[in-house]
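No hydrogens, no waters, no symmetry mates; every other heavy atom, side chains included, goes into these values. Sequence lines set the chain letters: A, B, ... in the order given, protein chains first and strands last, and positions in each chain run from 1. These figures come from a predicted structure and were not determined experimentally.
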Amino acid sequence: MADIPYQFAPDSKVQDLITKHADLEAGEETSDVVTIAGRLMLRRVQGKLAFGTLDDGSGRIQLFAPSQSTPDFDEFCDLNLGDWLGVTGVVMTTRRGELSVRVDSWIRLAEARRPFPDKWHGISDTDTRYRQRYVDLWVTPEAREAFQTRSRMISLTRSFLEERGAMEVETPIFHPIPGGANAKPFTTHHNALDLDLYLRIAPELYLKRLTVAGFEKVFEIGRVFRNEGVSTRHNPEFTMLELYEAYADYEDIMRLVEELVEHLAIELTGSTVLTVGDRELNVAKPWRRATMTELIEESIGMALTLDTPIEELRAIASEHEIPIKDAYGPGKLILEIYEKTTESSLWGPVYVTDYPIEVSPLSREHRSNPGMTERFEAILAGRELCNGFSELVDPEQQRIRFEEQAAQNAGGDDEAMLVDEDYLRALEYGLPPTGGVGIGMDRLAMLLTGQTSIRDVVFFPTLRPEQT
RNA sequence: GGGCCGCUAGCUCAUCGGGUAGAGCAGGGGACUUUUAAUCCCAAGGUGCCGGGUUCGAGACCCGGGCGGCCUACCA
């Protein structure tokens, strides 16, 4: 067996060969000599003639190896399933009409020293699939396709936003003060500075600092980290798209998001109708808009407002077996009632709008609905996809909201925000009217690929370390 | 955190009213010049997740632990 080379130069991708030679008759031999490289997935040796199936990531093609013309025929027949090969030869079809590359020369590029999973059943143990994703992706074509779709989704999102004049930026992942969302952060420590730092739970406050700085449209696609549970919809690290647009309000942002999602659906699936589980979801714009209190009324038949007596709100909460705390004001109670009675029954697409100020510390008060904010979340396929608002631009208001949050944090709510003095200072330099949104890109990828677990759109989901 | 389910050969799975496991694929040997999950013959392959217990005897039953999945809770 020849040594493994340091370099190899394929000149063709399998997918292109399949496209180019789609109409060859059975038994034809072209004058096309190609060099391809990939992994040997199947092998059929029959004495003086051998067949193989090579997968180069773009597709699979048959290798045709007669003993009289194939160099080192015996060694070729001894290859392991999973070995990497480079093959040069004529493009042809067999008598049965199977498009093939005749093995006129070949070289092993890597040896598979471990057996690949069952060639027919693949891996079904999900634990093994996630822990050995490098194997899963070879033997589970749907898994590979989902990640290819995800990659194109990210790429299309970038170009969509750039075409609209937005600039992609990168902001810190280490935050001295966790902010921009209500979530438990991960903590770490910088030795030289002797400084506790937090992995960001959202890039929001830094992106708005950039809006203060005069970048009118900015966006960031990046990892955020939340020290919370793991489920089919939650991974501790996940990818968020956040964007901010000066002079825009939440209506503008809602239009932008529905346009983006419709565009991605058409580009990636050819249709605005997505299949999620056994249900369909039509993401064609415009999406329905409804206020939170309207939706609660549809669900439980009661019109709640911030002026509803708090005793009544508490009674409704306990009627629905919602655990509440004494510190909850009317806004928090309404949100809890919405989440427990209404949110799960929504399929969408629907924009849920007008969240109470009490639970929206970074959103601007609604221009015509006092006590509420100009905030929206989109529900698609029953899952929360994004959260956006007309940004709170007033530093004094923001200070009050921060202080309320900080009081809750001091009172034991470790998801409440802290006062970020530098952010307040930035606002004091002037943030123009601004609209912004954060979109969970993993959940969007789930929608667009039809996957029901976030682990099927994250290459290496967070798992306990393997016991050895 | 709670509920349910699972863990048997490298992979996919069987077996059972408790009597110390079987098949296909992969791997080994052999036959085969048009296969397509090739086929055929031969041989090999297992601390049945771990630890206790019940029993003459446990992979099967009981208890504890580990790991995983689904649901639920938490996560605006």
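For the C1' atoms, the distance linking B:rG66 with B:rA44 amounts to 32 Å, nearest Å. With both ends at atom P, the span from B:rC16 to B:rC4 equals 26 Å, rounded to whole Å. The same atom, P, is picked in B:rG65 and in B:rC70; the two are 22 Å apart, to the nearest Å. To the nearest whole angstrom, the two C1' atoms, one in B:rA38 and one in B:rA26, are 15 Å apart. Nucleotides B:rG51 and B:rU39, compared at atom C1', are 47 Å apart to the nearest Å. Remark: the separation of the C1' atoms in B:rG2 and B:rA60 is 28 Å, to the nearest Å. Distance check on atom P: B:rA14 versus B:rC7 gives 9 Å, rounded to whole Å. Across the C1' atoms, B:rU15 and B:rG22 are found 7 Å apart, a figure rounded to whole Å.
Within 4.0 Å of A:Tyr338, counting heavy atoms only, lies no atom of the nucleic acid at all. Residue contacts shown for A:Thr94 include a base, since a base heavy atom lies under 4.0 Å away. Residue A:Leu463 is classed as having no contact, given no heavy-atom separation below 4.0 Å to the nucleic acid. Using a 4.0 Å heavy-atom cutoff across all strands shown, A:Gly27 reaches no nucleic acid atom at all. Across all strands, A:Glu415 comes closer than 4.0 Å only to sugar-phosphate atoms, never to a base (heavy-atom distances). A:Thr232 comes within 4.0 angstrom of sugar-phosphate atoms only, judged by non-hydrogen atoms across all strands, and of no base.
When rounded to the nearest whole Å, the span between CG of A:Leu99 and P of B:rU36 equals 17 Å. Taking atom NE2 on A:His320 and atom C1' on B:rA73, their separation rounds to 18 Å, with Å as the unit. We find that CZ of A:Phe64 is positioned 15 Å from C1' of B:rA38, with the value rounded to whole Å. The separation between A:Glu321 atom CD and B:rC74 atom C1' is 17 Å, rounded to whole Å. Rounded to whole Å, atom P of B:rG10 lies 15 Å from atom CD1 of A:Ile123. In this structure, A:Asp127 atom CG and B:rC70 atom C1' are separated by 14 Å, rounded to whole Å. In this structure, NZ of A:Lys325 is placed 11 Å from P of B:rC74, rounded to the nearest angstrom. One can place CD of A:Gln62 at 6 Å from C1' of B:rU36, the figure rounded to the nearest angstrom.
A cation-pi arrangement, defined by a distance under 6.0 Å to the six-membered ring centre and an angle within 45 degrees of its axis, is absent between A:Arg150 and A:Phe147. Judged by the 6.0 Å distance and 45° axis criteria, A:Lys332 is positioned over the aromatic ring of A:Tyr328.
A:Leu137 CG to A:Glu142 CD: the interatomic distance, rounded to the nearest 0.5 Å, is 11.0 Å. Between atom CG of residue A:Asp420 and atom CD of residue A:Gln398 there is a gap of 9.0 Å, rounded to the nearest 0.5 Å. Separation of atoms CD (A:Glu220) and CE (A:Met240) is listed at 10.0 Å; rounding is to 0.5 Å. Between the CZ atom in A:Arg39 and the CG atom in A:Asn80 there is a gap of 11.0 Å [rounded to 0.5 Å]. If you take CG on A:Leu241 and CZ on A:Phe219, they are separated by 7.5 Å, rounding to the nearest 0.5 Å.
Across all strands shown, the partner of B:rC25 is B:rG10, judged by Watson-Crick or G-U wobble contacts whose two distances both fall under 3.5 Å. Look at B:rC61: its Watson-Crick or wobble partner, with both distances under 3.5 angstrom, is B:rG53. Nucleotide B:rA73 is matched to nothing when pairs are restricted to Watson-Crick or G-U wobble geometry with both distances under 3.5 angstrom.
Using a 30° and 60° split on the angle between ring planes, A:His366 and A:Tyr250 fall in the perpendicular class, above 60°.
Residue-to-nucleotide proximity on RNA chain B shows that, of A:Tyr130 and A:Gly52, the 5′-proximal contact is made by A:Gly52. Residue order along RNA chain B, read from the 5' end via each residue's closest nucleotide, puts A:Ser100 first among A:Gly229 and A:Ser100.
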Set out, line by line, the N/O atom pairs under 3.5 Å between protein and nucleotides 4-6 of chain B.
none

What nitrogen or oxygen pairs link the protein and nucleotides 29-33 of chain B at under 3.5 Å?
{"unit_1": "B:rC32", "atom_1": "N3", "unit_2": "A:Gly47", "atom_2": "N", "d": "3.0"}
{"unit_1": "B:rC32", "atom_1": "N4", "unit_2": "A:Gly47", "atom_2": "N", "d": "3.3"}
{"unit_1": "B:rU33", "atom_1": "OP2", "unit_2": "A:Lys48", "atom_2": "N", "d": "3.1"}

Could you run down the sub-3.5 Å N/O contacts of the protein with nucleotides 21-26 of chain B?
{"unit_1": "B:rG24", "atom_1": "N2", "unit_2": "A:Asp118", "atom_2": "OD2", "d": "2.8"}
{"unit_1": "B:rC25", "atom_1": "O3'", "unit_2": "A:Lys119", "atom_2": "NZ", "d": "3.3"}
{"unit_1": "B:rA26", "atom_1": "OP1", "unit_2": "A:Lys119", "atom_2": "NZ", "d": "2.9"}

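Listed by residue number, A:Arg375, A:Glu377 are the residues of residues 371-379 of chain A with a heavy-atom contact under 4.0 Å to RNA chain B.
Residues that satisfy the side chain to side chain contact (heavy atoms under 4.5 Å, CB included) test with A:Asp456, not counting sequence neighbours, are A:Arg129, A:Tyr130, A:Arg133, A:Gln451, A:Ser453. Remark: A:Arg364 pairs with A:Ser390, A:Val393, A:Pro433 by the side chain to side chain contact (heavy atoms under 4.5 Å, CB included) rule, at least two apart or across chains.
A salt bridge links A:Glu237 with A:Arg223: the closest approach of a Lys/Arg side-chain nitrogen to an acidic carboxylate oxygen falls below 4.0 angstrom. Ion pairing between a basic and an acidic side chain is recognised when a charged N comes within 4.0 Å of a carboxylate O; A:Asp442 and A:Arg233 show no such pairing.
Here the options are A:Thr30, A:Asp16, A:Asp32, A:Thr93, the test is side chain to side chain donor-acceptor pair (under 3.5 Å), and the partner is A:His21; only A:Asp32 passes.
Taking the ring centroids of A:Tyr351 and A:Phe376, they lie under the 6.0 Å cut-off. In this structure, A:Trp84 has its ring center closer than 6.0 angstrom to the ring center of A:Trp138.
A:Arg383 is listed as a side-chain neighbour of A:Val276, based on a closest heavy-atom distance under 4.5 Å.
The A:Arg131 side chain lies nearest to B:rC67 when the options are B:rU12, B:rC67, B:rU36.
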